[in-house]
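Shown next, in structure tokens, is the structure this report addresses.
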Number of protein chains: 2
Amino acid sequence: MSMLLNMKTSPINEMRQHILDTAQIIISGKGFSAVGLNEILQEAGVPKGSFYHYFGSKEAFGEALLEAYFSAYLDQLEACLTQPGVSGAELLMGYWIKWRDTQSDCDPKGKCLAVKLAAEVSDLSESMRSVLQCGTDQVIARLARAIEAGMADGSLLHQNSPQDTATTLYQLWLGASLRAKITRDREPLDTALRATHVLLGLPSSTV
Amino acid sequence: MSMLLNMKTSPINEMRQHILDTAQIIISGKGFSAVGLNEILQEAGVPKGSFYHYFGSKEAFGEALLEAYFSAYLDQLEACLTQPGVSGAELLMGYWIKWRDTQSDCDPKGKCLAVKLAAEVSDLSESMRSVLQCGTDQVIARLARAIEAGMADGSLLHQNSPQDTATTLYQLWLGASLRAKITRDREPLDTALRATHVLLGLPSSTV
DNA sequence: CCGGCTCGTAGACGACTGGTCTAATAATGA
DNA sequence: TCATTATTAGACCAGTCGTCTACGAGCCGG
């Protein structure tokens, strides 16, 4: 009983999370294949031999990394889209602006793992692809709910289906973030923000 | 003089191209870091030692790979967008439909290297990132010209700037292709195609 | 026709790192 | 004190990129 309750703060899970946190920063910079366990474990101050006490393999570790990432991301998304007294349209635009800002600065901590790893990992590991699919589907579903709420409160027009709009917007921002990695500036994300206004039927503002 | 003319068919360039063609298939599946020169050269039937007669390093090889890819892609794009007696809108939609079809089937030969490598390579090699930037910028510029032509022949409405629309569409399709790698089906690309209709101000068709 | 020359190629090799696992240590609890 | 568990050091081999020497095909002068 108490073991179940303390699952997240048990020493072994604390260590797991510590390794995952360290790895996220490194991997969001160098990718999955290009980073060795050595580098991660050394940075985390964990002996190499201990790795297989916490994770069954590098692939299982990758799964856990993505699961932890999406878990935190969805919490953050939920918080972002449930502020009292703010219209649905404003909540959504706040989310995209936050996306633009976190992906255009240079802090590796906030970089999106879906953008970084999707292409590399989907053809590499079926289990990691599956976590990625589950995570992104949940993000899109949450965005669709937010769009629906915006339609309900009158801040968004009814044009296409919320699911379709959410999917399109997510894909647009995925691609914009990818291109931002190429150009190394925020122009792709600014362009995506303008397009988001259009796709949501909002008056274009000076961003 | 004749050397310049024959540059593309000189034995050394034939060999280079043969290695590049072989590598493109493998790398578009497994990525850049995860593939060793061994595997590529073995598949190409080229001994390992000879590699450094054709390319200075793996990174230089990666540059050449991307250059060759974009060179071929831009030729293909040009051919796709310059068919006589077809309206600008139809040319563009033909291009997106072709994109959808090539990226949704399983043939690794036609897979987009920009989608596959952008995230991995941009943080790994400045020179490869630079080739990627140059290539994608050219694609977007060519798309912008096609949109401009569509406005000129009356098949497209004047709404936003051609450059902006081209950028948005390209990013949307980049992201849709990325998500298609995750979901392993064509739904992301079908959704992108519908959104493309909307963004171009065309009547939505049953795709 | 032949010997000596160059030059592109061949693939073994070096130094190193990868993920994985076993065997030994440290810590814990009875 | 001992049995059991938790932790870790280091060996392991396959694989990495890049180098280096040695082989052999082709040419040229005689």
Expected output is a numbered-order residue list: members of residues 26-38 of chain B with a heavy atom under 4.0 Å from any atom of DNA chain D. What is it?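 Output list: B:V35, B:G36, B:L37, B:N38.
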Of residues 58-66 of chain A, the positions that come close to DNA chain C - non-hydrogen atoms, cut-off under 4.0 Å: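 Those residues are A:K58.
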Start and end of chain A contact along DNA chain C [non-hydrogen atoms, under 4.0 Å]: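 Under 4.0 Å from chain A, the extent on DNA chain C is C:dG18 to C:dT20.
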Tell me, please, which residues at least two apart from [X] pass side-chain contact (heavy atoms from CB on, under 4.5 Å).
X: A:L20; value: A:Q17, A:F55, A:F61, A:A64, A:L65, A:A68
X: A:A44; value: A:H18, A:T22, A:V46
X: A:D137; value: A:Q133, B:R179
X: A:D164; value: A:S161, B:T191, B:R194

Please work out whether the ring planes of B:W173 and B:W96 are parallel, tilted or perpendicular, with thresholds of 30° and 60°.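 Geometry flag for B:W96 against B:W173: parallel rings.
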Which whole-number value in Å describes the distance from B:F55 CZ to D:dC17 C1'?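 The answer, rounded to whole Å, is 15 Å.
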Atom pairs under 3.5 Å, N or O on each side, protein against nucleotides 8-10 of chain D: can you list them with distances?
residue	atom	partner	partner atom	Å
D:dT8	OP2	A:S50	OG	2.6
D:dT8	O5'	A:S50	OG	3.4

So with a 6.0 Å cut-off around CD of A:Q159, is the heavy-atom count from everything else above 12?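 Enclosed.
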With sequence neighbours excluded, give me every salt bridge (charged side-chain N to carboxylate O under 4.0 Å, His left out) pair touching residues 19-42 of chain B.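 Checked against salt bridge (charged side-chain N to carboxylate O under 4.0 Å, His left out) - neighbours excluded - the pairs reaching residues 19-42 of chain B are B:K30-B:E39.
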Could you give all pairs that pass the salt bridge (charged side-chain N to carboxylate O under 4.0 Å, His left out) test and reach residues 59-87 of chain A, with sequence neighbours left out?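 Salt bridge (charged side-chain N to carboxylate O under 4.0 Å, His left out) check on residues 59-87 of chain A returns A:E78-A:R142.
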I would like to know whether A:T167 and B:E187 meet side-chain contact (heavy atoms from CB on, under 4.5 Å); could you show each step before the answer? CA-CA 10 Å; A:T167 301; B:E187 176 267 318; 3.8 Å; yes
Ion pair present between B:E148 and B:R145, side-chain N to carboxylate O less than 4.0 angstrom?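 Here B:E148 does not pair with B:R145 in a salt bridge, since their nearest N and O are not under 4.0 Å apart.
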Go through the structure and list residues passing side chain to side chain donor-acceptor pair (under 3.5 Å) with B:T82, not counting sequence neighbours.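 Partners of B:T82 by the side chain to side chain donor-acceptor pair (under 3.5 Å) criterion come out as none, since no residue qualifies.
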Would you be so kind as to tabulate the donor-acceptor pairs closer than 3.5 Å made by side chains of residues 109-118 of chain B, with sequence neighbours excluded?
residue	atom	partner	partner atom	Å
B:K111	NZ	B:T102	O	3.1
B:K111	NZ	B:D105	O	2.9
B:K111	NZ	B:D107	O	3.3
B:K116	NZ	A:A119	O	2.8
B:K116	NZ	A:D123	OD2	2.8
B:K116	NZ	B:G29	O	3.2

